[in-house]
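In the text below, chain A, chain B and the rest are named by the order of the sequence lines, each starting its count at 1.
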There are 2 protein chains.
Amino acid sequence: MDLRHLRYFVAVAEEENIGRAATRLHISQPPLTRQIQQLEEELGVALFIRTPRGMELTQAGELFLEEARNIRALVEQATERTQRAGQGKLGRLDIAIFGSAILDLIPKLLLNFRNRHPDVKVVLHTMTKAEQIEAVRQRRISVGFNRMLEPLDDIVIKQVATEGLLVALHDDHPLARQSVIRFAELKDHPMILFPTGARPSFIDKVIGLCIENGFQPQISQEVGDAVTGVALVASGFGICLVPESATTLQFPGVTYRRLTDPPPNLLVDLSCIYRKGDQSPILAAFLRTVDDYQSAQPGAPKT
Amino acid sequence: MDLRHLRYFVAVAEEENIGRAATRLHISQPPLTRQIQQLEEELGVALFIRTPRGMELTQAGELFLEEARNIRALVEQATERTQRAGQGKLGRLDIAIFGSAILDLIPKLLLNFRNRHPDVKVVLHTMTKAEQIEAVRQRRISVGFNRMLEPLDDIVIKQVATEGLLVALHDDHPLARQSVIRFAELKDHPMILFPTGARPSFIDKVIGLCIENGFQPQISQEVGDAVTGVALVASGFGICLVPESATTLQFPGVTYRRLTDPPPNLLVDLSCIYRKGDQSPILAAFLRTVDDYQSAQPGAPKT
DNA sequence: TGAGATCATACCTAAGGAGTATCGAGAAGG
DNA sequence: CCTTCTCGATACTCCTTAGGTATGATCTCA
C-alpha cells in the first residue's frame with residue numbers, strides 16, 4: 001500500500017464516482033480504477049460496491065475511509081512539525097549557566113528567544129565551567145554561559161558581552177564616601193572573593209589586578225558566587241569586586257562604586273560555548289538571537 | 001512522500017547505518033541513500049547528520065521518527081481492522097423485530113451471533129412488517145424478522161422456523177380440562193386476536209382457520225401482540241391462539257393446550273428478510289449463524 | 001431502441017525505483 | 001606515515017509500474 005492509494009481512495013469515496021474523482025485528482029479514469037482494484041486486492045476486502053450510478057462504500061470501506069483520513073492528516077501534521085523543527089521553531093534547547101551569572105543579560109536573552117520561538121522548550125541547568133564543557137561535548141547541553149574561557153579544539157567560544165568591574169561596599173565603609181575609587185585604594189581593605197572551585201576564573205582576574213596594582217589582596221572570605229559575596233558585603237565582612245551586572249542585586253546597606261582606572265584591564269567577559277560543528281537549527285536560532293541582541297545594544301560587542 | 005520512505009527512514013534511524021539498514025530491507029545501499037536524500041529534500045529538513053561512522057538523527061529527525069512510527073502503526077492497524085470488517089467480524093448489524101416475537105428463537109440466535117462475532121454491535125429495532133420492508137429497502141436495517149411475508153422483487157425471504165399453534169386458556173376454562181383439543185371445539189368461545197394493524201398477518205391465519213373449520217370467530221378483543229393477548233387470557237377475557245414460542249410466557253392462571261388437528265394447516269412461519277444483493281459480510285455472517293442454528297435443531301427447517 | 005453514464009480492460013509510454021560499479025572522505029592499524 | 005577499511009555519495013543501466021488513450025460491457029432513461 002501507498003499514500004497514493006489512500007489519496008485516491010478518499011477521493012473516490014467522497015465523489016462516489018471514479019470519473020469525477022479522477023478529474024479531481026488530475027489523472028484519467030482507468031489508472032484510478034486500477035489503483036482502487038489494487039488496494040482492494042491487497043487488503044483482500046471489497047471497499048466499494050459498483051453500481052450503475054457509481055461507487056458506493058461497503059461497511060469495511062466506510063471504516064477504511066475514516067482510517068485513511070486519519071493517516072493522511074497525521075502525515076501532513078508530521079511533515080509540518082518536522083519542518084518547523086528543522087527551522088528551529090519546535091524542539092528543546094538545553095542551556096547551562098553558572099552560579100549566579102543569571103543576573104542581567106541572560107534573562108533578557110532568554111526572553112527574546114522565547115518570544116521568537118515560543119514552541120522551543122528552554123531548559124536551564126546550573127553547572128560549573130568544567131561541567132559545562134563536558135556536557136557540551138556529550139551533547140547533554142547545546143549552549144553554556146561562562147567567563148574567562150580558554151580556547152579548545154572542539155568547542156566554539158562566542159563572546160556575548162564585556163562588563164566593567166565595580167566595587168560593592170557597605171554604606172558605612174570609609175571608601176563609600178568617595179564617588180569614584182582608584183584600584184590601588186582597595187589595598188588593605190578586607191576583600192570577599194569568588195568563585196571558589198574551577199580555575200581560571202573571575203577570582204584569578206581579581207587577584208591578578210591586585211598584584212598589578214602592587215598589593216596582595218587581604219582575603220576576608222571566599223564564596224561560591226556573586227550573590228553570596230554581595231550578601232556578605234551587606235553584613236560588613238568587607239568589600240567585593242563584582243561585574244556590572246551584579247548591580248541588579250539591591251541589598252540594603254550595599255552601594256556600588258565605579259573604579260577610575262583605565263578600562264582595558266578592568267573588563268571581564270561573558271561568553272557562551274557550543275560544540276564545533278553543531279548543526280542544530282535551534283542552536284543556530286539561539287545564536288542569531290544573541291547576535292541580534294548585541295547589535296541592538298549600543299555599548300556592546302566585539303565579535 | 002510515500003510509505004516506503006517512512007519504512008526506509010525508520011530502518012536507517014534504527015540501524016544508524018545505511019548499509020545495515022539496506023541489508024535489513026533487502027535492497028542495496030545506493031537506492032536507500034537516494035530515498036533518504038529524497039525524503040530530506042521533500043521535507044526541506046536534514047533528518048540525519050552524516051558522520052564517518054554512520055548516520056545520526058538530528059532533532060528534527062528524532063521528531064520525525066516518532067511520527068513515522070506512529071503513521072506506520074496506524075496503517076497496519078487500519079488494514080487489519082478493515083480486513084476484519086470485510087470478514088464480518090467488526091462493524092454493526094441493525095436488526096428489526098416485531099412486537100413481541102422476540103420470545104424464544106430470536107434471543108438464542110442473537111446470543112449465538114454475538115458469541116461468534118463479539119466486535120459486531122447488534123442494534124435491535126422494533127418495527128411493523130411494513131416498516132421493516134421499507135427500512136430494509138432504505139438500508140436502515142440489514143435484517144428484519146417477521147411472519148407470513150409475501151414475496152417481493154427486491155427482498156429475500158428466508159424461513160427461519162415453523163411453529164405449531166397452541167391455545168392459551170385460563171385454568172378455569174371448560175376446555176382446560178381436556179388434555180387435547182380439536183380446532184372445531186373452539187367455536188363459540190370468545191377469542192382474543194392479534195396483531196392489529198398490518199395485513200396480512202397472524203390474525204388472518206387464525207380467522208382463516210376458523211372459517212375452514214366452519215365458524216366465524218367470536219372476537220372478544222383485538223390486541224397488538226402475543227404478550228398482551230396472553231395477559232388478557234390470564235384476566236379471563238377469553239382464549240387466544242398463539243405460536244409455540246409464546247409458551248415462554250408463563251402467566252399465573254394460564255395454561256397452553258395442543259391442537260389435535262393434522263399439523264400442515266396449524267403451522268405458522270417465522271422468517272427473516274434482507275435486501276436482495278446485499279453483499280455485507282456481516283449480514284452473510286448472520287445468515288450463516290441462522291443456518292447453523294437450524295441444522296443444529298432437530299425438528300427444524302426447510303430452507 | 002438509442003443515447004448517455006459508469007466502470008472495466010487492453011495496450012502503450014515513460015517516470016522512477018532498484019541494481020552494479022565506483023568514488024571520496026575519514027578512521028583505524030601496522 | 002602510509003595502507004586499509006568503512007561508510008555514504010554518485011553514475012549509469014534495467015525494469016517495474018503508474019499514467020495515458022482507445023475501447024468494451026452494462027445499465028438507466030427518455
**Message:** Whether A/Gln38 contacts D/dA18 is assessed here as follows: a side-chain N or O lying under 4.0 Å from the phosphate OP1 or OP2. Is that the case?
**Reply:** yes
**Item:** Presence of B/Gln35 side-chain N/O under 4.0 Å of C/dG17 phosphate oxygens OP1/OP2
**Value:** yes
**Prompt:** Under a 4.0 Å heavy-atom cut-off, which of residues 47-65 of chain B touch DNA chain C?
**Reply:** B/Pro52
**Message:** So for B/Gln37 and D/dA9, does any side-chain atom that can act as donor or acceptor lie under 3.5 Å from a complementary atom in the base?
**Reply:** no
Note: [X]-[Y] ion pair, threshold 4.0 Å (strictly below):
{"X": "A/Arg139", "Y": "A/Asp278", "value": "no"}
{"X": "B/Arg69", "Y": "B/Glu14", "value": "yes"}
{"X": "A/Arg92", "Y": "B/Glu62", "value": "no"}

If I take atom [atom1] in residue [X] and atom [atom2] in nucleotide [N], what distance separates them, rounded to the nearest angstrom?
{"X": "B/His5", "N": "C/dG16", "atom1": "NE2", "atom2": "P", "value": "11 Å"}
{"X": "B/Leu3", "N": "D/dA18", "atom1": "CG", "atom2": "P", "value": "14 Å"}
{"X": "B/Leu32", "N": "C/dA18", "atom1": "CG", "atom2": "P", "value": "9 Å"}
{"X": "B/Glu16", "N": "D/dC7", "atom1": "CD", "atom2": "P", "value": "12 Å"}
{"X": "A/His26", "N": "D/dG19", "atom1": "NE2", "atom2": "P", "value": "13 Å"}
{"X": "A/Arg4", "N": "C/dA15", "atom1": "CZ", "atom2": "C1'", "value": "12 Å"}
{"X": "A/Met1", "N": "D/dT17", "atom1": "CE", "atom2": "C1'", "value": "18 Å"}
{"X": "A/Ile27", "N": "D/dA18", "atom1": "CD1", "atom2": "C1'", "value": "9 Å"}

**Message:** Using a 3.5 Å distance criterion without hydrogens, assess whether the side chain of A/Asp292 forms a donor-acceptor pair with backbone atoms of A/Thr289.
**Reply:** no
**Request:** Check for a donor-acceptor pair, side chain of A/Glu67 on one end and backbone N or O of B/Val75 on the other, with a separation under 3.5 Å.
**Result:** no
**Prompt:** 5'-most contact on DNA chain C: A/Ile18 or B/Tyr8, nearest heavy atom basis?
**Reply:** A/Ile18
**Prompt:** Mapping A/Arg7 and A/Pro30 onto DNA chain D by nearest heavy atom, which one lands closer to the 5' end?
**Reply:** A/Arg7
**Request:** Could you please name the option among C/dA8, D/dC7, D/dG20 that lies closest to any side-chain atom of A/Gln29?
**Result:** C/dA8
**Message:** As an exercise, state the distance from CD of A/Gln83 to CD of A/Glu80, rounded to the nearest 0.5 Å.
**Reply:** 7.5 Å
**Degree of bending, the helix from C/dT1-D/dA30 to C/dG30-D/dC1 (end axes from five pairs; round to 10°)** = 20°
**Fill in**
Smallest heavy-atom separation, A/Arg275 atom then A/Val136 atom, equals N-CG1, 3.5 Å
**Asked** Of the non-hydrogen atoms in A/Phe98 and A/Phe145, which two are nearest, and what is the gap between them?
**Response** CD2-O, 3.1 Å
**Message:** Base, sugar-phosphate or nothing for B/Arg34? Non-hydrogen atoms, less than 4.0 Å.
**Reply:** base
**Request:** Compute the ring centroids of A/Phe9 and A/Phe48, then answer whether they are less than 6.0 Å apart.
**Result:** yes
**Message:** Hydrogens and angles aside, do B/Gln37 and B/Glu41 bring a side-chain donor and acceptor to less than 3.5 Å of each other?
**Reply:** no
